[in-house]
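The next block holds one structure in the form of structure tokens; read it before the comments.
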Amino acid sequence: MDTQMVRRPSESYLRQDYPTVYGALGGLFGTAPDQFEGSVLDPSTAAVRRGAEYGFPVGTALAMLPAAGLTKGLPVGMGIKDVGSKFNVASKDASEIFGAGSARFKYTEPNSGSSIEVLRKSDGSASVLSLEVPEKFRGMKIGESLQAQVMQDFPVLQGQVSSKAAAKTAYRLGRRPPNQPDASLDEVYKIMDEYSSVNLVSPAMQRQVFMPTQAPQQAALDLAQQRAALPVSQGGLGLPAGNTAEQRAAAMGFDTDAYHGTASKDIQKFMPEGGTPEGDKTLEWYKNRQAQNQPVGYMSFRSGSFFSPKAEYAGSYAPEGTGVMYPVNLRMENPLSLLPNAQGRYSATNAPDTNKTIDAMILQDSLDKSINEIAIINPDQIRSRFAAFDPFRRSAAIAATMGVAAPDLLANELDYPSNPMYTDPLGYSIR
């Protein structure tokens, strides 16, 4: 079935005879009222702009439907263009070939003609079918932007990659071979050298589809799931019995996706100053201030670990070919956001609670005010996206109270003290 597109009627006919309708249709397709040209002496111009005032809000609302998951129930094959995106998106039904509920989506960058096509299956997972960037536009990160947008729209994503340039981009965005979340880029290249291509999966697909085949991690996920279903009074989260890692992460406040690019391949915990003795002192000082809700200056966060929600930004800190990208979830309860001016001086763009210690420093981009970097001192606020998100190991203090091992980056170990101070309601702390 071909993609269903809506064609605009003849503009000259509509504008002359039905200017309000013409303006409404234009607004529906993303043209703001003040973008319609015309002489102020022409009576049609005012009518056109008046029509756009009706159509533009509706078009903008429709563009938000895919992100809000509200496109269910639209006619089969119907595509909605995201007015706020720099890509044109077309969709068509794929039920006849791939089963009920499946659809194909093609994202096109209009200036270069570059495109990526994705198949979304009925279970919500997606596969990259093709990625094409004309040769003269390669090296401009257009392909990376396309992949990043698709990963945002379809978090549970996989796709076969046959070029090392595309593999490098996918790697920077957090995709790894199945069951190998810690694979280096060199290891990805070795797989390609041997098999000519490699399947690279997103962190969400790694965790939901492939990681469960690994017994130790699955045991940790099962245990975290059971603990999270306990009442809050017993150290749980009060979640449903079949809760997911994503639900536990959200309930525990780990709701900010970010990346950390580095040359270090064996980070177990993000400590201040890279885990040096000086960093240990900094962490002890910070935790004491935090326990007493005392203020700290934002310059103190220079000793913390830095992350970015932008994979390409974080990737700039990872040495080419040998670096590692850590996809993480961050917990921030009282962050300070800073925006630089033309002179390089920073000013706050939010108002943190002055009765609590600042727990993160956010540095915004001076042009679009998006987040470039997030600095965090306390490693308890950082988890790998592959973590079990066990509520008993939410922080070192809680773990000590519950008598379980202190949390690390994955927080998924199944080791306990020989003489636990606390009896796990599920009985796991008693040997």
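Quick caveat, the model's predicted, so the values are computed rather than measured. Residues: numbered from 1 along the sequence shown.
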Determine yes or no for a side-chain-to-main-chain donor-acceptor pair under 3.5 angstrom, with Ser202 supplying the side chain and Met205 the backbone.
-> yes
Is the NZ atom of Lys121 crowded by more than 12 outside heavy atoms at less than 6.0 Å?
-> no
Under 3.5 Å donor-acceptor, Asn341 side chain and Arg345 backbone | yes
Taking the six-membered ring for Trp, are Phe154 and Phe105 parallel (under 30°), tilted (30 to 60°) or perpendicular (over 60°)?
-> tilted
Using a strict cut-off of less than 4.0 Å between a Lys/Arg side-chain nitrogen and an Asp/Glu carboxylate oxygen, indicate whether Arg104 and Glu117 qualify as a salt bridge.
-> yes
Is there a donor-acceptor pair closer than 3.5 Å between any side-chain N or O of Asn334 and the backbone N or O of Lys356?
-> yes
Does the side chain of Gln292 come under 3.5 Å of the side chain of Asn288 through a donor N or O and an acceptor N or O?
-> no
When the ring centroid of Tyr259 is compared with that of Tyr326, is the distance short of 6.0 Å?
-> no
Okay, side chain of His260, backbone of Phe306: is any donor-acceptor separation there less than 3.5 Å?
-> yes
Does Arg248 reach the main-chain N or O of Pro391 with its side chain, forming a donor-acceptor pair under 3.5 Å?
-> no
For Tyr313 and Glu373, does a side-chain donor sit closer than 3.5 Å to a side-chain acceptor?
-> yes
Has the side chain of Gln147 got a donor or acceptor atom that lies under 3.5 Å from a matching backbone atom of Glu144?
-> no
Any donor-acceptor N or O pair under 3.5 Å, side chains Asp153, Tyr107 | yes
Going by atom types alone, do Ser184 and Asp186 pair a side-chain donor with an acceptor below 3.5 Å?
-> no
Expected output: side-chain Ser102 to main-chain Ala94 donor-acceptor under 3.5 Å = yes
Is there a side chain to side chain contact (heavy atoms under 4.5 Å, CB included) between Asn111 and Lys86 once you walk through the steps?
-> CA-CA 10 Å; Asn111 295 322; Lys86 58 183 177 182; over 6 Å; no
Using a distance-only test with no angle check, is there a side-chain donor-acceptor pair under 3.5 angstrom linking Glu109 and Ser112?
-> yes
Mark yes or no for whether Arg394, through its side chain, and Met252, through its backbone, hold a donor-acceptor pair below 3.5 Å.
-> no
Quick one: does Ile116's side chain get under 4.5 Å of Val128's, heavy atoms only?
-> yes
Report yes or no: do Arg383 and Asn329 form a side-chain donor-acceptor pair below 3.5 Å?
-> no
Going by heavy atoms in the side chains, are Gln364 and Leu338 under 4.5 Å from each other?
-> no
Looking at side-chain heavy atoms only, is the closest gap between Val296 and Tyr286 below 4.5 Å?
-> yes
Strictly by modelled atom types, are Gln381 and Arg331 linked by a side-chain donor-acceptor pair under 3.5 Å?
-> no
So, Gln160 versus Ser197: side-chain donor-acceptor pair below 3.5 Å or not?
-> yes
May I ask you to check whether over 12 heavy atoms, not counting those of Arg302, lie within 6.0 Å of atom CZ?
-> no
Asn199 versus Gln158, side-chain donor and acceptor atoms under 3.5 Å | yes
Relative to each other, are the rings of Phe389 and Phe254 parallel, tilted or perpendicular (30° and 60° limits)?
-> tilted
Are the side chain of Asp359 and the backbone of Glu333 linked by a donor-acceptor contact shorter than 3.5 Å?
-> yes
Heavy-atom neighbours of Lys310 NZ exceed 12 at 6.0 Å = yes
Is the Phe270-Phe307 ring centre distance short of 6.0 angstrom?
-> yes
Does Ala165 offer a backbone N or O that forms a donor-acceptor pair with the side chain of Thr169 under 3.5 Å?
-> yes
Ion pair Asp193/Lys164, N-O distance below 4.0 Å = yes
